[in-house]
Amino acid sequence: MMSQPSPPCSTQQFVVYRTKVEQARQRGQELLRSGANGLQIATAIAESIEQLILQIIHDQLQQLPEAQQKLLLQKSAIVMIGGSGRGLMAPYSDVDLLFLYRNQIVSEFSEFVGNVVRSCWDAGLKLGHSVRTVVDSVKMARTEPEFATAMIEARSIWGSEHLAEQLVRSFYRHVVLFRRRIFFEQCVTARWEERKQHGGAVMQLEPDIKRSPGGLRDIHLLRWVGFARYGTANLDMLRLDGRISSRDVRTLKNARDYLLKVRIQLHYEAGRQQDLFTKDTQLWMAEQRQITGTNGQRPVELLMQEYFRHSKAVAEITERFIKAHRPQPFLSRVYNFLMTHRSDSILKIVPDHLDVVPKYRSQVCSSLEEILKLFDTASLYGISISPDLQDSIRESALQLPSALTNRSIDLFRDILGRSTNLGPILRTMFETGVLNLLIPYMKHAYCLLQFNQYHSYTVDEHTFRAIEASETFTDDDSALGSSYRHIEKKDILNLSILLHDIGKGYGEDHSKVGAMIAAETAIRMGLKEEDQKLLVFLVFEHLTMAHLAFRRDISDPDILFAFSQKVGSPEKLRMLYVLTAADITAVGPGVFTDWKSELLADLYERTMLLLGGKHSRYHRDQRLARVKQRVRSHLNLPQVSEHEESTDTWFTELFNSFSPHYLLVTPSKRIAADIKILHDLPADQIVVEGEFEPETSTVNYHVIAPAMYSQSCFHRMVSVFTAKRMEIISAHITTSVSGGVVDSFHVIDNSYSKEIPRNRIDKIEEEIRKAVIGESDAKTMFLNNQRFQDSASLSGEFDLGRVEIDNQSSKRCTIIDVISHDRTGLLYIVSRAISRMGLSVVMAKISTHLDQVVDVFYVIDEHNRKIEDNDRLQEIKQKMENTLHKFEMEGYKRYQRD
């Protein structure tokens, strides 16, 4: 419709329009500096932009003949919709316009609209516009929920009022009035899809202010469904009609002001439309708002805790409103009526929720004990609490004393002891304030942020996801599922999951703080001494299994024996195993990988054998003997008994030269192939085998090298992967006693999105060979292929990393734990530093675990021995930490000068 070009606005007009856009933004910035709230700023910007658009319309209209002006004014209208129609705009928001016309003026209106649109774009405004008749608009609204919800905010600013009113009436009649339930569901479905596309959780650590759950769009959604159900999108009208409480309206308005202000600040900081609240902008905003940190929380964590309090409240109120006011199909209403039954003439048990006869609500919410009876009933039936009843509970919980009766404790423990519907029930107890009465420390966890790169959620969200994860283990056919089903004290297990991270945010080791809180909670709950100790143990040790499984050689009998002694009983081991798996699962999507699951299960099963009376060393020796026989079989060597001497001494020497860890975790067929290659391998050659694994879209590079290349071998290989933009997700490093190297690297090749071509793998194999034998310089190759960054943008707030030396866990090696947030090139820099100190890596565990990236290196010195000298150990620790901090603070470029 806008194919006929017209002269653009004059240079003078262009300058005037641009100036007015800048003045509108400056006006908003002045209000922001003066402390105005979000609503005031957004309204002021919207008013200024609207005045400019009206001026553009007037200027373009004046260029037309008077007869044509009159025709356009009678037969067309310009309507603001969406955010523009609400009269609220951020400085760089789109302007949503609907150009409405009657069919008699198609050509005239087309040229006029084209001129207005071009002038708006020239002025620096970003338009979201469409040109339609009333009929077209209504048809569009029936099929496109996004357009329909924008139409709810329709407000005429120019042209025929009659035409604009006709649009509003037709829209309400044909899109809403006779299809309320359909329109209601369209609004909700479209918003839920949008939520999924923007993280799906309120407590995600980089939310979209507008579109993430709990964002501004949720407030819009509540208004839209209010319009669909009751014909008004005005919160105050809904309140006066008794559809929503005054408390919820106040909360929504406060949240709207807060979120608008944050969004406006983001726009000004970026100088463009920017709704994603990234970690960098969070740090900037905490500084701008001059927030002062505490001993346990950084300024940015306090800022985001405040943000999440608003967004969580928005999400909860919106979800409750939808559930309470959702139109039900006739058959559903009939079914609910027939299936509803009463208990004690007070409770109403509906198929999907529990309610109370209105006149008895104050009675059943009169005490904590009575409220817990409601949750206990809902838990038994596997249903939720109705939204109206939740409101009553929430109001009562604010007035109730925190003292616990024995009956209250028994009811709470009964709820905790169940394996189904526990997550939703505990969430509702938390949202209504009931859980805070039972465990006062839960208030501290509310919207508590962990500002790092590893957790995807706040402490409270992580905690409830861990509870929900544990429930899924019920039907698991693995060792994990079996362990969960055999736990007798599920109430203690679930209480430990609730408390496992409660110690965060106090500025001390959260496991120790959590253990103290667990001890206090156990006394408050009146637990027996045995259960008190069990609860404290689980909270204090909740990271131990992950630490051992992912960072230590669990084939070492001494490590297993020490862990089994610490645990002490099969029941405690089962509970710690389930707690650990639930904790890791709840860190974020895809964190509890099959690989981690297998490592954790292996530690569990080995420890359970010890607790059953089987000595770990005996068990290990038996397993090694079986592995040895299987490897001999793969090599077609004759089987010999345990006490016979083998004639093929070469095999025995090579087999015994490998660590038990390598022999017990590597498939026997692979061990046989490695031994055969090492036996036949010339002293100056290496073998590199790359294999693409389509299930995971990763490549496994297996490297075998003789003793002459063992020095610096590891960091040279790492340099190749880093230089070629590959992400190392795990590495298994093995150096035999004789010096032979057998290394495996699991990598993601970021240069390809699908299958990795064979020629690419062949090329990487050749690069690794050259690097290991010294034909290419590892450092030069790394630097020449790497795009450097000047600094770590988040280093001012993130822990710069630390190094821990463990000289107790292994008899043969010193263990170096490098704990940091992940950065491209980190592993290369660390492995190079180890090599330059004359240390050899004989085993390494590379991956991200729980809330940290932890690279673990088992090292020996120049004499193939463990480092025993304390001064040398301190020197290693200091040099490694200096390397780490230097890398984080100054980036790669500093390394070019080394």
Side-chain angles (χ1 to χ4, degrees), residues 203 205 279 282-283 286 289-309 312 402 426 430 433 435-467 492 494-525 527 532-544 546-547 576 579-580 582-584 586-588 794 796-802 804 819-821 849-852 854:
M203 304 305 192
L205 301 190
K279 287 182 176 138
Q282 291 168 24
L283 290 167
R289 296 191 174 191
Q290 299 181 332
I291 297 172
T292 303
T294 65
N295 182 42
Q297 288 183 269
R298 302 168 181 174
V300 67
E301 291 173 336
L302 291 169
L303 168 75
M304 293 308 294
Q305 187 171 32
E306 182 182 23
Y307 171 85
F308 286 127
R309 282 174 176 158
K312 186 172 184 177
S402 59
L426 289 176
F430 188 55
L435 198 55
N436 294 339
L437 293 172
L438 293 158
I439 307 173
Y441 283 101
M442 289 300 296
K443 293 178 185 175
H444 170 76
Y446 188 74
C447 299
L448 181 63
L449 177 72
Q450 304 166 87
F451 192 73
N452 56 45
Q453 291 186 322
Y454 322 107
H455 277 81
S456 299
Y457 311 108
T458 53
V459 170
D460 51 346
E461 179 66 18
H462 165 75
T463 297
F464 292 117
R465 284 177 179 257
I467 290 282
I492 303 298
N494 288 318
L495 187 55
S496 73
I497 297 176
L498 273 178
L499 298 176
H500 79 281
D501 273 354
I502 201 74
K504 290 189 171 179
Y506 288 102
E508 301 174 46
D509 182 335
H510 81 277
S511 296
K512 290 181 180 178
V513 176
M516 290 189 286
I517 293 173
E520 186 177 322
T521 303
I523 295 170
R524 177 174 171 79
M525 293 289 170
L527 300 184
Q532 289 183 28
K533 290 180 179 177
L534 176 58
L535 180 66
V536 171
F537 168 83
L538 291 171
V539 174
F540 183 66
E541 301 288 352
H542 75 273
L543 295 175
T544 300
H547 171 86
L576 189 60
L579 170 57
T580 304
D583 186 18
I584 300 171
V587 167
L794 299 176
E797 284 289 339
F798 278 121
D799 185 349
L800 290 177
R802 66 185 189 278
E804 296 176 358
I819 303 163
S820 178
H821 70 275
H849 309 302
L850 292 180
D851 59 351
Q852 297 163 329
V854 183

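We're numbering straight along the sequence, starting at 1. As the structure is a prediction and not an experimental result, all values here were calculated from the model.
With hydrogens and angles ignored, the 3.5 Å screen pairs no side-chain donor or acceptor of H510 with any backbone N or O of D501. Between the side chain of E301 and the backbone N or O of R298 there is at least one donor-acceptor pair closer than 3.5 Å. Judged by distance alone, with hydrogens and angles left aside, the side-chain atoms of H500 form no donor-acceptor pair with the main-chain N or O of E541 at under 3.5 Å. The closest donor-acceptor contact from the side chain of Q305 to the backbone of L449 lies at 3.5 Å or more, if one exists at all. Side-chain atoms of R465 never come within 3.5 Å of backbone atoms of G588 as a donor-acceptor pair (strictly under, hydrogens ignored).
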Stepwise side-chain contact (heavy atoms from CB on, under 4.5 Å) test for I492 and L527:
CA-CA 10 Å; I492 303 298; L527 300 184; 4.0 Å; yes
Please evaluate residues L495 and L538 with respect to the criterion side-chain contact (heavy atoms from CB on, under 4.5 Å), reporting the C-alpha separation (whole Å), side-chain torsions for both, the decisive distance (0.1 Å), and the verdict.
CA-CA 10 Å; L495 187 55; L538 291 171; over 6 Å; no
Test side-chain contact (heavy atoms from CB on, under 4.5 Å) applied to H542 and I497, step by step:
CA-CA 9 Å; H542 75 273; I497 297 176; over 6 Å; no
Run the side-chain contact (heavy atoms from CB on, under 4.5 Å) check on K312 and D460 step by step: do they pass?
CA-CA 11 Å; K312 186 172 184 177; D460 51 346; 3.0 Å; yes
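Listed here is the closest heavy atom pair of P440 and R524: CD-NE, 3.6 Å. Closest heavy-atom contact between H462 and D583: NE2-OD1, 2.8 Å. Closest heavy-atom contact between S496 and L579: OG-CD2, 4.0 Å. Between A586 and Y457, the shortest heavy-atom contact is O-CD1, 3.6 Å. Nearest heavy-atom pair, G293 versus P299, reported as atom, atom and distance to 0.1 Å: N-CG, 3.6 Å.
Just one of V536, V539, I502 meets the side chain to side chain contact (heavy atoms under 4.5 Å, CB included) condition when paired with I517; it is I502.
Taking CG of L437 as the start and NZ of K443 as the end, the distance is 7.0 Å to the nearest 0.5 Å. In this structure, the separation between CG on L499 and OH on Y441 is 11.0 Å, given to the nearest 0.5 Å. Note that OH of Y506 is 8.5 Å distant from CG of L448, once rounded to the nearest 0.5 Å.
With sequence neighbours excluded, the residues forming a ring pair (Phe, Tyr, Trp, His ring centres under 6.0 Å) with F464 are F430, listed by chain and number.
Between the side chains of Y307 and Q282, no donor-acceptor pair of N or O atoms lies under 3.5 Å.
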